[in-house]
Every structure is written in structure tokens, then in C-alpha cells.
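Order of listing sets the numbers, starting from 1, for every ligand and every atom in it. Since we're looking at a predicted model, the values are computed, not measured.
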Amino acid sequence: MHHLVAPSLLAADFLHLAEEVDMVNESEADLFHVDVMDGHFVPNISFGFSIIRQIKSLAKKPLDVHLMIKHPDQYLEDFRDSGADWLSVHYETCPHLHRTIHKIRELGMKPGVVINPHNNVELLKGILHDVDFVLLMSVNPGFGGQKFIPSTLERIRTLNKMKIELNPELLIEVDGGVDEHNAADLVNAGADILVAGSSVFKASDPLKAISSLKQAI
Ligand code: DX5
Ligand code: ZN
């Protein structure tokens with residue numbers, strides 16, 4: 001499978017959000033990555049339902065909504081109703097992860113689990129069979145524009161081995177500090193989806209930036 005590219009709207013210009021969404025619609029990108037932050041699980045607040053609904057009204061590609069919030073269970077239905085197609089929750093926020101993941105699927109979304117850089121991917125062994133994708137954080141979540149953590153490559157390789165054994169359909173997504181310089185290494189290590197915020201939206205030519213991420217191999 002050719003890998004997917006998911007531009008993260010966190011880095012978009014919110015005064016021109018419609019143009020930014022249109023740019024992604026017309027690009028080679030596959031998904032919209034949508035970062036929700038609550039100021040509790042992560043030290044930053046991003047945006048919520050009404051913005052997601054507006055993005056959804058223009059988006060021609062699925063919304064991959066990444067929840068960086070405490071108590072995600074309270075809001076799963078609201079995110080579905082706002083237009084989330086893929087919904088991922090952090091391992092670190094879900095004491096009853098199996099229940100949460102199954103609830104997301106019952107609501108009609110693709111469930112994913114996200115894991116912070118300090119946590120070993122082996123912790124996900126028991127849930128790999130139930131999720132459609134794992135989102136590996138390659139920075140500490142909360143902010144765009146941070147530096148890629150190099151040990152992520154080894155984590156992708158380890159997860160890829162687990163995937164072959166436990167759920168060959170699983171998609172591995174990587175988020176944080178992804179750019180045209182590390183994209184090929186990530187894909188070669190086993191990444192199926194590259195999230196990119198700053199390297200797309202802060203580029204002088206975002207379409208070209210998306211294209212080079214898409215071509216990385
Ligand atoms: C960080 C978010 C990322 C962020 C990535 O907490 O989960 O999706 O937007 O931004 P860049 O690509 O700039 O590191
Ligand atoms: Zn994200």
C-alpha cells in the first residue's frame with residue numbers, strides 16, 4: 001500500500017480556514033488531521049465541535065480527529081455528530097480502553113489509539129486487534145512545530161512487528177515533526193500515514209510540500 005498523508009489543520013491559518021481546507025481538498029493528501037486539545041491532558045487548548053463541523057462542511061476527504069483530552073468517553077457521540085470519520089484516543093487517558101474503542105466503532109467511526117513518546121508500544125498488545133490504526137506520537141503532544149524525536153523510528157519498527165503478528169490490517173500513523181527530510185525513513189520503518197502540520201501549512205508552497213511527503217519512499 002502506498003502511504004497516506006494527513007495535513008494537520010492545527011498549523012493552518014484560521015482566518016482563512018476555507019482556503020486552507022480547499023487547498024487540502026485539491027492536494028494529494030488523503031485525510032484531514034484535526035487536533036483537539038483541552039488544556040488538561042495537554043498544556044494547550046485548540047478548538048472544538050463548531051470548528052470541526054465547519055471544516056466538515058467543506059472537506060472532501062475524511063476527518064481524522066485526534067483527541068488530546070481527559071475523559072474522551074463523555075464526548076464520543078458529539079465528535080461523531082461534528083463529522084469525525086476516524087477518532088483516536090490516547091492510551092494515557094483511557095482506563096477502559098477496550099470499551100472506549102468499541103464504543104467508537106459502534107458509533108460508526110474508525111477507532112484508533114494514540115501513544116505518547118515515553119510509553120512502550122508493547123503496552124498496546126492487548127488492543128491491537130480492536131483498533132484500525134495506532135497513532136504514534138513523535139513529539140510530546142500539545143503543540144505544533146516541535147522537533148521530531150528520533151527514537152520514534154525504532155518504535156515504528158517494533159510496532160510493525162507486532163502488527164504482522166496480531167493485526168496485519170492495522171495502519172501505523174506518525175504525528176509530530178514530520179517533514180520531507182524524515183518522511184522516507186518513517187515510511188521505510190513501517191509508517192502508513194504521515195501527519196504533518198508546520199511542514200505543510202508553513203511551507204511557501206503547501207501543495208508541493210504535500211506532494212513531496214506523498215512521494216517519500
Ligand atoms: C501535536 C499534534 C500534531 C501537530 C503536529 O500535539 O498532535 O498533530 O499538529 O504538528 P507538526 O507537524 O508541526 O509537528
Ligand atoms: Zn495530532
So, for His71 and His40, is the gap between ring centers shorter than 6.0 Å? no
For His33 and Asp64, which I'm curious about, is there any donor-acceptor pair between the side chains at under 3.5 Å? yes
His33 neighbourhood, listing ligand 1 atoms whose heavy-atom distance to it stays under 4.0 Å: 8 (O)
N/O/S atom name from Asp175 that is nearest to the position of the Zn ion (ligand 2): OD2
Go through ligand 1 atom by atom and flag the ones less than 4.0 Å from a non-hydrogen atom of Gly177. 11 (P), 12 (O), 14 (O)
Between Asp35 and Ser8, is any side-chain donor less than 3.5 angstrom from a side-chain acceptor? yes
Going by distance only, is there an N or O of Asn140 that falls short of 3.5 Å from an N or O of ligand 1? no
In ligand 1, which numbered atoms sit nearer than 4.0 Å to a non-hydrogen atom of Met68? 6 (O), 7 (O)
Looking at ligand 1, would Lys202 count as a contact under a 4.0 Å heavy-atom criterion? no
Does the residue Gly176 have a heavy-atom contact with ligand 1, meaning some pair of atoms that are separated by less than 4.0 Å? yes
Could you tell me the angle subtended at the Zn ion (ligand 2) by ND1 of His66 and OD1 of Asp35, rounded to 10°? 90°
Within 4.0 Å of some non-hydrogen atom of His66, the atoms of ligand 1 are 7 (O)
Strictly by modelled atom types, are Glu92 and Asn119 linked by a side-chain donor-acceptor pair under 3.5 Å? yes
Give a yes or no on whether the backbone of Lys110 and the side-chain of Asp132 come within a donor-acceptor separation of less than 3.5 Å. no
Please write down residue, atom name and distance for the protein heavy atom closest to atom 10 (O) of ligand 1. Gly144 CA, 3.6 Å
Which ligand 1 atoms are under 4.0 Å away from a heavy-atom of Met137? 7 (O)
Nearest-contact summary for atom 9 (O) of ligand 1 - protein heavy atom, Å: Ser8 OG, 2.8 Å
Honestly, for Pro141 the part within reach of ligand 1 (heavy atoms, under 4.0 Å) is both
Which ligand 1 atoms, with their elements, are less than 4.0 angstrom from a heavy-atom of Leu10? 9 (O)
List the closest protein heavy-atom neighbour of atom 5 (C) of ligand 1: residue, atom name, distance to the nearest 0.1 Å. Asp175 OD1, 3.5 Å
If you measure every N/O of Ser199 against every N/O of ligand 1, is any gap under 3.5 Å? no
